[in-house]
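Structure first, then comments.
Chain letters run A, B, ... following the sequence lines, proteins first and then strands; every chain starts at 1. Below, all heavy atoms of this structure are taken into account, side chains as well, without hydrogens, waters or symmetry copies.
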Amino acid sequence: MARRIQLSSPSPSSSVDPDSEAQERILSGLNEDQRAAVTATDGPVMIIAGPGSGKTRTLTHRIAYLLATGKANPYQIIALTFTNKAAREMRERVQRLVGDRTRGMWVGTFHSSFARLLRREIDAIGYSQDFSIYDTDDSKKIVKQQMNRLQLNTDEVKPRSVQRTISSAKNQMVGPQEYTSMAHGRLQEATAKVYPAYEAALKRANALDFDDLLLKPVQLFNQEPKILEKYQQRWQYVHIDEYQDTNHVQYVLAKQLAAGHKNLCVVGDDAQSIYAFRGADISNILSFERDYPDATTVRLERNYRSTENILTLADSIIDQNEDQLDKTLWTDKDGGEKVLLTEALSEKDEAKKVEQKIRDLQLREGLEYSDFAVLYRTNAQSRALEEALRRENVPYRIIGGTSFYQRKEIKDVLAYLKLLVNPNDRASLERVINYPTRGIGAKTQERVRNYASQNDMSMWQAVEQVEQIDTLSTRAKNAVGRFRAIIAKYMSKMDSAPVDDLTRDLIQEAGMLSELRKEHTRENLRRWENVQELVNGIAEYTASADNATLSTFLQEVTLLTDLDGDDDPNTVTLMTLHASKGLEYPVVFITGLEEGLFPLAKATQERTELEEERRLFYVGATRAEERLFLSWARNRYRYGKQEHNTRSRFLDEIDDSVVQTAGGGRLRQKKNRFSSSSKGSTESYDDMDPHYYRKNLRKGSGSSKKGTRRTTRTVSSKSSSSNGSSGRRVVYDEGEGQIVPGVRVQHSKFGEGKVQSVEGEGDRATAVVFFGGDIGNKKLKLKYARLRVIG
DNA sequence: CCCTGTGTCGTCATT
DNA sequence: CGACACAGGG
């Protein structure tokens, strides 16, 4: 955990001597275009780069080059990314290239970098050092509270929508006053009322939301030119990865910072812009040359990742879009396998076919499980895939969904700690005041809240003087008093006790331990292990650097996502198409290619939205190095109801010369191009010649993998890591759920049978299964028998 | 005050 | 289907 959060000393290092050996090393592995981008060290630079062109690598080498030539010392460089993972990889690679010359260099996500900057300058905008960072859930809670207070009907206008509207206003740097003047319509008018109250509530709580982390620095720079100047002086070289994903605030920040030395280097691909929904503004990259007229533009058009067929398909996807920069991708990986399209009857059928293909390739071709990625449009689609993989004991991990720090038990502990650090943090206070339940119910809380607002104090202050609140019964006062005693005790201990001990004791005394021990369920055990892991993480973090405190830990973890883990187990990866950006895999499945799902029904109305969906398809397809599988299901459960689907319009757009259907035929018949009836294509992926793949698989793919170490955590390695089980055992925490009396199962030796009874749990579980013919009943240990449920 | 059962609702992607 | 809000009994 600690390794993820790199803090380095802010002291400027002295000038660096040129290192010609390193320079050579840095340039040697690059092609001509990449080299041009790396050596263009003066003035604004835009690197327009297609997928698989090594664009992040190029950026990395440029930073290393600056260091190796002595043009800059680490202190003068800042690099901004969108994920912590990207930042970590970049830092590691620079270190590999130039050795330990990186101390003082800022490499991080936009959010964590500016949170860090704010920590230093926060006084100037009237917050205190120990501010809390509110995630989207916290923000939503605040919005809801304010709506209640303002007596707005939360049925007519959803707090969620209001929160999103406020967020996008902030992304566009529209403040509360300005917003009010231009609001029209029900949602906007409600938002106009809530917005100022929301801001005030955050301020009172000494809290910043995600958007504030970027917005406040802009305001700070405007308000205090001296501070801006300081950072402009300091960062002579500003680098931004994935520039097409920047929103307006980020754009302004980049402009402010780079205005000093004008050495702004951005990397991006307009064709991979898939984050418009969270405010990313594609025009930032499209108009870079207009913003910086003396900019050097370098195009990286050579693709090192994918085969020709995959690239042809990808090109044919993106060709349908009108808005894009000119760019032609090419590769010298000729041909390759055709892209295989499979039609399934249902999402279960689709999942089964994916699973079969994975096992088939893994067994026959010796591919690792980690060579496979299965992509989908919405997180809900992962369920069917998970079930299919679990049934066959294929290890998998899911990226996204709820990450470690979003688990309830983790958020509970974090809330306790946030409260200690920042007593004004009302969201955290309310989260833990009655968890575990200690007799402070809704009514009591409301009375405390009222007392606080009537006396113009924070809720914690009201808790501190609970005896004065005469609306409360003695019983309630006692309950609140007990809570206060616990919190106060640990507040006073904070500076003296080591944080991990403090946390452990607090968990115990607050009653979380006994809460989790109350019932001996698997779930509770897992939760407890997660809490332990958190405590270890805190200890590790605070020991890692001098200025790594509990307060900074709490700020940093809010900004971590699932993509930032650091395990590298041999598992199949399941994730959304969005989460796949920047990653690569030898074999990629894109599932759920159905009209209404991908593209989503909502997106089909607007051309711009449809184009974003198409770019998403493009991103997904270009993740594949060797093989790409597309699939869709005729029927799919949505909202608990089965829906009948037609195949995605995208399938009618793509170049069908590189596509083969599972039945062996062409994707489209030449004559009736738009017929969606495909014949005989319900066969599985297995129908093709199994040896075809081995013959054509490149040997080189193993080594190319090293560059992009995939470092995401396994679903259950979280829970198994503390009980010391090996990394191989992944994923099966739900037990052998499907094996119950009555179901039909398949056994590798005995064939089909019917489960009669099941006994025991976990590894000891056994089932009596009746098989036909002269086999009869068999008692099987589920751990070894690998039964497959077939109905 | 707390737990449980029932009904309601909706769901895209995320730092 | 599943998360979540709300009502009613313990």
Side-chain angles (χ1 to χ4, degrees), chain A residues 80-87 108-115 133-137 139-140 144 154-155 158-161 163-164 167-168 170-171 208-215 241-242 245-247 249-250 273-280 347 375-384 387 399-403 405-406 408 434-446 472-473 475-476 479 555-564 575-581 592 596-604 609 612-613 615-617 619-620 636-643:
Chain A
L80 298 166
T81 64
F82 280 81
T83 66
N84 289 293
K85 185 184 170 197
T109 63
F110 269 94
H111 286 84
S112 68
S113 298
F114 286 101
I133 297 176
Y134 278 4
D135 65 15
T136 311
D137 279 347
S139 298
K140 219 183 296 172
K144 198 173 167 191
T154 53
D155 290 330
K158 297 272 177 283
R160 193 177 47 252
S161 320
Q163 187 269 327
R164 267 191 227 152
S167 173
S168 69
K170 290 173 95 164
N171 278 329
L208 300 174
D209 66 14
F210 281 153
D211 306 311
D212 284 334
L213 293 177
L214 306 175
L215 191 55
D241 195 15
E242 307 281 17
D245 288 335
T246 51
N247 63 30
V249 186
Q250 288 161 330
S273 160
I274 54 174
Y275 283 112
F277 71 90
R278 67 172 191 213
E347 83 272 22
L375 310 181
Y376 36 80
R377 179 67 239 264
T378 67
N379 277 313
Q381 288 166 252
S382 70
R383 172 161 269 110
E387 277 168 14
I399 297 182
T402 44
S403 73
Y405 291 102
Q406 267 158 4
K408 184 188 175 304
N434 199 31
Y435 177 81
T437 50
R438 50 171 72 88
I440 309 176
K443 265 266 139 37
T444 307
Q445 287 180 46
E446 196 188 314
L472 289 180
S473 66
R475 194 167 128 183
Q555 290 170 1
E556 297 281 350
V557 294
T558 315
L559 303 172
L560 290 179
T561 68
D562 222 25
L563 223 65
D564 305 321
M575 63 190 147
T576 63
L577 287 140
H578 282 91
S580 74
K581 191 159 78 163
L597 183 62
F598 192 25
L600 283 169
K602 231 185 191 170
T604 55
E609 287 185 45
E612 178 146 323
E613 295 280 306
R615 289 193 293 271
L616 192 55
F617 187 24
V619 166
R636 184 179 294 275
Y637 272 95
R638 262 181 122 185
Y639 293 110
K641 274 204 315 273
Q642 203 170 59
E643 277 177 9

Item checked: Lys/Arg-Asp/Glu bridge criterion (N-O < 4.0 Å) met for A:Arg383, A:Glu347 ->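 Here A:Arg383 does not pair with A:Glu347 in a salt bridge, since their nearest N and O are not under 4.0 Å apart.
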Show me the protein contacts with nucleotides 12-14 of chain B, counting only N or O atoms at under 3.5 Å.
{"unit_1": "B:dC12", "atom_1": "O2", "unit_2": "A:Arg377", "atom_2": "NH1", "d": "3.0"}
{"unit_1": "B:dC12", "atom_1": "O2", "unit_2": "A:Arg377", "atom_2": "NH2", "d": "2.5"}
{"unit_1": "B:dA13", "atom_1": "OP1", "unit_2": "A:Asn379", "atom_2": "N", "d": "2.7"}
{"unit_1": "B:dA13", "atom_1": "N3", "unit_2": "A:Arg377", "atom_2": "NH2", "d": "3.2"}
{"unit_1": "B:dT14", "atom_1": "O4'", "unit_2": "A:Arg278", "atom_2": "NH1", "d": "3.3"}

Return the minimal non-hydrogen interatomic distance between [X] and [Y], and the atom names on each side.
X: A:Ala476; Y: A:Leu472; result: CB-CD2, 4.1 Å
X: A:Ala115; Y: A:Ile133; result: CB-CD1, 4.4 Å
X: A:Asn84; Y: A:Ser112; result: OD1-OG, 4.2 Å

Whole-Å gap separating [atom2] ([N]) and [atom1] ([X]):
X: A:Lys641; N: C:dC1; atom1: NZ; atom2: C1'; answer: 11 Å
X: A:Glu242; N: B:dT15; atom1: CD; atom2: P; answer: 13 Å
X: A:Leu208; N: B:dT15; atom1: CG; atom2: P; answer: 19 Å
X: A:Tyr637; N: C:dC1; atom1: OH; atom2: C1'; answer: 10 Å

Next item on the list: Taking atom C1' in both C:dC4 and B:dA13, compute the distance separating them and give it to the nearest angstrom.
Entry: 22 Å
Item checked: For A:Asp245, the option from A:Gln250, A:Arg278, A:Lys581 that meets side-chain hydrogen bond (donor to acceptor under 3.5 Å, both in side chains) -> A:Lys581
Check: Counting only N and O atoms by type, is there a donor-acceptor contact under 3.5 Å from the side chain of A:Gln445 to the main-chain atoms of A:Ala442?
Finding: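 No, because the side chain of A:Gln445 does not come within donor-acceptor range (under 3.5 Å) of the backbone of A:Ala442.
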Compare all side-chain heavy atoms of [X] with those of [Y] and state whether any distance is below 4.5 angstrom.
X: A:Thr558; Y: A:Tyr405; result: no
X: A:Val249; Y: A:Asp211; result: no
X: A:Phe110; Y: A:Thr246; result: yes

Extract from the structure each pairing of a protein N or O with an N or O of nucleotides 1-10 of chain B at less than 3.5 Å, listing the distance.
{"unit_1": "B:dC1", "atom_1": "OP1", "unit_2": "A:Gly441", "atom_2": "N", "d": "3.2"}
{"unit_1": "B:dC1", "atom_1": "OP1", "unit_2": "A:Thr444", "atom_2": "OG1", "d": "2.4"}
{"unit_1": "B:dC2", "atom_1": "OP1", "unit_2": "A:Gly439", "atom_2": "N", "d": "3.0"}

Next item on the list: Sugar-phosphate means primed atoms, P, OP1 and OP2; the rest is base. With that split, encode nucleotides 2-10 of chain C 5' to 3' as B, S or - using protein heavy atoms under 4.0 Å.
Entry: S--S-----
Margin query: Students often get this wrong, so: under 4.0 angstrom with heavy atoms, is A:Phe82 touching a base, only sugar-phosphate, or nothing?
Written below: sugar-phosphate
Checklist line | Distance (rounded to the nearest 0.5 Å) between A:Ile274 CD1 and A:Thr576 OG1 | finding: 8.0 Å
Check: Would you call the rings of A:Phe277 and A:Tyr275 parallel, tilted or perpendicular if under 30° counts as parallel and over 60° as perpendicular?
Finding: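 The rings of A:Phe277 and A:Tyr275 sit tilted, inter-plane angle from 30° to 60°.
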